[in-house]
Visitor: 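Right, I'll just put the structure down here and ask away after.
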Amino acid sequence: MTTDPERLKTGLENLLDDRDYLYRLVSTIDWDAQLEAIRAVLREHRRSADHVSTNIKELEEEARTYQGPYHDHVVDEHVDAMWRSTYSDAAISLSAVGMIVPTLETIFAQAFRALGDKYVAKGIAPPDHKRWRRAKDNPERWNVQWYFGKSDAGVDIVSGLPQLCDATGVSAHLRPDGLDWIVALLSYRNRMFHGGFEWSIPQRQTFVALIAERGWDQYFVWSTTDHEPWICFLRDQVIDALPDRVFAILGSLGRFTKALPYELMSDPGDEPPPDIPQD
């Protein structure tokens, strides 16, 4: 039976999931409960969308095979159903991004704010990065909503969150496409929240260009009108994977937290770790 305190502590830590280490920074939020609630809503939305899709296919088959006096009416029903489904699909995309992106924001915002407090309390400088050189003592330097440029600074979470991930070293713990996925969702959320389902034509054109520039076709698909972009949706497989992607980010942040220096994360009265013999 193990009795050595350090070996026992190491053994207990090996039982922890990666995301559990994030509680060293933020211990007041039940991430698992939040994600399970989101999963439940998304499952309901998927069932609803599948029902709409089945109905459209039935109407299409009826319009194709019916030869009676009300053929035009049947065709109109099919067309109307497809038209209505465009808006219901947009509502599902907006709902999905409206739940997931605020969850992402609070995960990063609270973790970084807590991390900044630790650096300040311990009088330790964060890793060298242009963000810290530009921000200096700005009170918003740990705020994911803020981006610090060469000559100015301001609210811009699309640029600020990735910059803070790079400045702290979190980026190295995320999936290779992690920040790209986050930026894509933030960019889409901002447009859907402020532009509704049917954005202005210049907004549509701008986002079409951004999708092409960033290679975001894997995330988004457009409906069209007169062969021009009309309403932008998250792809079904992207929506279905949202909770799992956030769950993976919790693990990444946990691994990052676990790797932080002992002198930064230790509490008053903690015993320093034993010296590790060198070969």
Side-chain angles (χ1 to χ4, degrees), residues 18-19 21-42 45 92-119 126 129 131 135 138-149 153-175 177-196 207 210 214 216 219-220 232 234 238-257:
D18 286 337
R19 71 183 187 282
Y21 290 94
L22 182 56
Y23 286 103
R24 293 179 176 178
L25 288 176
V26 183
S27 61
T28 58
I29 296 179
D30 191 335
W31 309 113
D32 291 342
Q34 287 194 33
L35 289 178
E36 186 51 42
I38 292 172
R39 286 182 200 277
V41 173
L42 292 181
H45 287 175
I92 289 172
S93 283
L94 177 56
S95 176
V97 79
M99 290 185 291
I100 285 293
V101 170
T103 301
L104 281 172
E105 283 191 48
T106 193
I107 289 170
F108 282 103
Q110 296 197 44
F112 284 137
R113 179 64 68 183
L115 181 62
D117 289 344
K118 286 185 176 295
Y119 274 111
H129 189 272
R131 180 180 177 98
N138 191 303
E140 304 296 344
R141 61 191 180 278
W142 287 96
N143 188 342
V144 295
Q145 296 278 351
W146 276 61
Y147 174 76
F148 291 88
V155 175
D156 178 4
I157 191 172
V158 173
S159 300
L161 193 153
Q163 186 187 47
L164 193 47
C165 285
D166 288 341
T168 55
V170 164
S171 299
H173 295 267
L174 297 172
R175 282 174 44 162
D177 65 341
L179 284 179
D180 185 63
W181 176 79
I182 291 170
V183 169
L185 289 185
L186 288 169
S187 301
Y188 179 68
R189 186 280 307 268
N190 291 349
R191 286 166 171 81
M192 287 293 277
F193 272 29
H194 298 294
F207 203 59
L210 186 60
R214 300 295 295 264
W216 286 348
Y219 306 131
F220 304 109
C232 186
L234 285 171
V238 172
I239 292 176
D240 293 342
L242 289 174
D244 288 339
R245 290 295 301 256
V246 176
F247 193 81
I249 285 173
L250 291 172
S252 297
L253 286 170
R255 290 190 293 275
F256 163 77
T257 304

Visitor: For S93 and L234, indicate whether the former's side chain and the latter's backbone hold a donor-acceptor pair under 3.5 Å.
Guide: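 Checked: pair present.
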
Visitor: List the residues meeting ring-ring contact (aromatic ring centres under 6.0 Å, His included) with Y147, not counting sequence neighbours, and say none if there are none.
Guide: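 Applying ring-ring contact (aromatic ring centres under 6.0 Å, His included) to Y147 gives none.
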
Visitor: Taking salt bridge (Lys or Arg N to Asp or Glu O under 4.0 Å) as the test, write out the residues that go with R141, two or more places apart.
Guide: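 In terms of salt bridge (Lys or Arg N to Asp or Glu O under 4.0 Å), with neighbours along the sequence ignored, R141 is linked to no residue.
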
Visitor: Would you please name every residue forming a ring-ring contact (aromatic ring centres under 6.0 Å, His included) with H173, sequence neighbours left out?
Guide: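 ring-ring contact (aromatic ring centres under 6.0 Å, His included) list for H173, sorted by chain: F256.
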
Visitor: Name each donor-acceptor pair under 3.5 Å that joins a side chain in residues 242-251 to protein atoms two or more places apart or in another chain, with its distance.
Guide:
from : atom 1 : to   : atom 2 : distance (Å)
D244 : OD1    : R39  : NH1    : 2.9
D244 : OD1    : R39  : NH2    : 3.0
R245 : NH2    : D177 : OD1    : 3.3

Visitor: Would you give the length of the straight line joining atom CG of L186 to atom CG of L104, rounded to the nearest 0.5 angstrom?
Guide: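 So the CG of L186 and the CG of L104 are separated by 7.0 Å.
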
Visitor: List in chain and number order the residues that pass side-chain contact (heavy atoms from CB on, under 4.5 Å) with D166, two or more places apart in sequence or in another chain; answer none if no residue qualifies.
Guide: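 Partners of D166 under the side-chain contact (heavy atoms from CB on, under 4.5 Å) test: H129, S171, L179.
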
Visitor: Considering residues at least two apart in sequence or located in another chain, which fulfil the side-chain hydrogen bond (donor to acceptor under 3.5 Å, both in side chains) criterion with S95?
Guide: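 side-chain hydrogen bond (donor to acceptor under 3.5 Å, both in side chains) list for S95, sorted by chain: empty.
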
Visitor: With sequence neighbours excluded, tell me which residues meet side-chain hydrogen bond (donor to acceptor under 3.5 Å, both in side chains) with R131.
Guide: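 Listed in chain order: Q163.
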
Visitor: As an exercise, state the distance from CG of L253 to CG of L25, rounded to the nearest 0.5 Å.
Guide: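 Here the rounded value is 8.5 Å.
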
Visitor: Would you list the pairs meeting side chain to side chain donor-acceptor pair (under 3.5 Å) in which at least one residue belongs to residues 184-193, sequence neighbours left out?
Guide: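 Non-adjacent pairs meeting side chain to side chain donor-acceptor pair (under 3.5 Å): E105-R189.
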
Visitor: For Y119, what residues pass the ring-ring contact (aromatic ring centres under 6.0 Å, His included) criterion, not counting sequence neighbours?
Guide: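 Partners of Y119 under the ring-ring contact (aromatic ring centres under 6.0 Å, His included) test: W142.
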
Visitor: Rounded at 0.5 Å granularity, tell me how far OG1 in T103 sits from CD1 in I38.
Guide: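 Output value for this atom pair is 3.5 Å.
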
Visitor: Please enumerate all residues that pass side-chain hydrogen bond (donor to acceptor under 3.5 Å, both in side chains) together with S252, with sequence neighbours excluded.
Guide: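 For S252, the residues satisfying side-chain hydrogen bond (donor to acceptor under 3.5 Å, both in side chains) (neighbours in sequence not counted) are R255.
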
Visitor: In chain order, what residues pass the side-chain hydrogen bond (donor to acceptor under 3.5 Å, both in side chains) check against W31, with sequence neighbours excluded?
Guide: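 If we apply the side-chain hydrogen bond (donor to acceptor under 3.5 Å, both in side chains) test to W31, skipping adjacent residues, there are no hits.
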
Visitor: Rounded to the nearest 0.5 Å, what's the gap from CZ on F148 to CG on D156? Could you check?
Guide: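 If we round to the nearest 0.5 Å, F148:CZ and D156:CG are 11.5 Å apart.
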
Visitor: Return a table of donor-acceptor pairs under 3.5 angstrom between the side chains of residues 107-118 and protein atoms on other chains or two or more places apart.
Guide:
from : atom 1 : to   : atom 2 : distance (Å)
Q110 : NE2    : T106 : OG1    : 2.7

